[in-house]
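Chain A is the first sequence line, chain B the second, and so forth, proteins listed ahead of strands; every chain is numbered from 1.
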Amino acid sequence: MSNTSLLPLLSSSERQFILQGVASGVRSDGRGRLDARDIILETGLLPQANGSARVIIGNTDILVGIKADLGLPSQQNPDQGRIHCNVECTATVTNAVDSRDADSDAETLGHVITRIFVNSGCIDLKKLCLIPGSVCWNFYIDAMILGFDGNAADAIAQAVRAAFSDLRIPRVVIDTGSTPPTVEIDEDLRRAFCPVDVAALPLSMTMWKVGMSFLVDPTPAEEACASGALLVAATATGRVCLVQTLAGGAAQYSESAQATALPVPRGESTGAQAGAPPVAVVSAGGMNPHSIVDMLSTATEIAQSVARKQDEALRRVAEASTRSHGAGKSAHFVDQSVGFFADSFAATSGN
Amino acid sequence: MNACILVPASRHAPLDTESFVRATGRQQKAQDAEMDDTNGPTNGPVTVTDSQLVTPGEVLTMVDNRLTHGHCTRIIPAYELSSISPDVLTEQQATPELLSRYIRSTVAGTVSRINSLLTVVPSRLPRYRGHTGDVVVGRIIAVGPGPRWRIDLNARCFGVMRLSSILLPDGVQRRKSQDDELQMRTYFKEGDLFSAEVQSIGHDSMISVHFRNNKFGKLSHGTLITVPPHLVLRSIQFTSIPSVPGSEHNSGAVDVILSLNGYIWVAPKPMEAGDSDFSPAHRLAAARVCAAIRALASHERMISNQSILMVCEASASYSPASLSRPEIAAKVIAEAIR
């Protein structure tokens, strides 16, 4: 397991009880294998951030803030803006004596979020560059794990996507006449805009292999029993942005002898590296490649459907805020929580 | 006689200046009235009564040399709670009200006063404190060092279970030998759950447990739920629900250990001893009990055999999984109370 310190210690009989329950289709909390828990979504919570969102799944509680800042583009990509992702755990998330383990878990999750949102190319970084080589937008995505009750990666992806929908950056006036060119920020926040096409952003869905079957949205005890997990990030239109294994370490791309290149179920695929085979999946924790194909297609479908549901929820939040206080970003989203239930997806699962 | 004057609670910190001055002004008057009383309080000007319920931030009294403030109280100068920064306090603003210092409660709880020591006893504890004779459920954290296990009891520190205070699998109480010490991991290994009774609490608040009879021992095939320890009702701890209301008829019994440290164990009762295969209906019945306990805990209701049954009954029209949704849980709890 990658995030061992966040997970509970289990006895072998508890483990057996969970495995048998998953096999018989009734999990310890009464859910079926593909039943997800309610997702509660709030946006616009942090007045200091340019965009923020909070996602609550069970007791998993994620707060994400995106801060925009003008800065230097990187030397490798002088014509692109930069996005930095950072995930942190609050000290009370785990009662582990040593919180360093939790920090390393958070770091792993930070890499996953970077892959989903930045490396997948879903955000046009070129649009964030103002003056090539000298000024660009820097986005700092900071996710805080306030509570952990399983399924942290998917919850963080949910929160980051919602925070992007809430993101507003001020307009800038570029004066190319002067040398060097200068950038002037329009202080009027009513003209602030969202530079990111949220509809094109992916959501992740992780399929966990527990025993011989897969499940979604695990509890910490189920995560502790999982022998492998496959994270699929897909957009509402079905474009697969990332496939990676979670449990058993960080991403393992076609390094292992068991690696199998798979055709992506539908839609086009964009790997992180151009020219690489679309997706290469490593057989993790004894999953056979055929079951991975099943998981992949199921997960893609679920991710797609959840992305659509989130779009709908975000629209409802935005509408409610427009009705009550006029357009624009402010803290009055706070009370507008929209719950949506990813209820028993009629997925063509290979289970 | 102790003059007891109820002070208007200034519950929400930080306060805006206006309402703060209003509150403290009233407080000042109350204080003056007390001081004027020539028969006077003999124990100092405490403005809250003993065992009065207070909320975080509530004023207990003015700072007084005759008083010591203890646990869960703090001296907070008035300006710290106002919107005025002390650096920009003009002479006009620096009124006695704003500069006065109060002892405030930092938790919700009851006031306790022993001579000149003023403390607040928190009414809810996130951690179990331990009482000799309590039935608890714990988890083995480590084997050893020496003939003992280190155990997690949801307490402030890990507890201890001595090899000499357990019953061996054959159920006999006998003197444990060196061989037994070498075999400790075969009895209990890391991660194992057990139920036991609190034997004693050490001077460093370390709890040690023992098995008093064969009711206690290793737990298998079930689910552990963690709830705040203060919510578990002190009554019969080992309970069994023969048929869970709201679940399928004849689905099977569910055993519940309402452990006083907040680790509640819910396990479907095997049809035959040693059987670990449970029907989906039986599992769903156990899941309903789990959901009922979680719903009770999330609404700060006492957890007992009775209250679990009532919630299960009220939840009959919902699936166990849907009870995790806050609005359904609220509805079911309201129904159960009625």
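Of all non-hydrogen atoms in B:C290 and A:S28, the two that sit nearest each other are SG-O, 4.5 Å. Taking all atoms of both residues into account, the shortest heavy-atom contact from B:P320 to A:G30 is CB-CA, 4.4 Å. The shortest heavy-atom contact between A:G21 and B:R283 is CA-NH1, 3.2 Å.
Interatomic distance, B:D192 CG to A:S11 OG, rounded to the nearest 0.5 Å: 5.5 Å. Between the OG atom in B:S324 and the CD1 atom in A:I57 there is a gap of 11.5 Å [rounded to 0.5 Å]. Within the model, atoms OG of B:S319 and CG of A:D35 stand 8.0 Å from one another, a figure rounded to the nearest 0.5 Å.
Other residues, nucleotides and ligands contribute only 12 or fewer heavy atoms inside 6.0 Å of the CG atom of A:N59. More than 12 heavy atoms of other shown residues, nucleotides or ligands fall within 6.0 angstrom of atom NZ in B:K218. More than 12 heavy atoms of other residues, nucleotides or ligands sit less than 6.0 Å from atom CZ of A:R15.
A heavy-atom distance below 4.5 Å is found between the side chains of B:K189 and A:S12. Inter-residue side-chain proximity for B:P326 and A:I40 is flagged as met; some heavy-atom pair is nearer than 4.5 Å.
The choice from B:D277, B:I141, B:L284 that makes the most heavy-atom pairs within less than 4.5 Å of chain A is B:L284.
For B:R288, no part sits under 4.5 Å from any heavy atom of chain A, backbone or side chain.
Contact annotation for residues 219-226 of chain B against chain A (heavy-atom separation below 4.5 Å, listed by residue number): B:L219, B:S220, B:H221, B:G222, B:T223, B:L224.
The side-chain hydrogen bond (donor to acceptor under 3.5 Å, both in side chains) check on B:R139 picks up A:E14, with sequence neighbours excluded.
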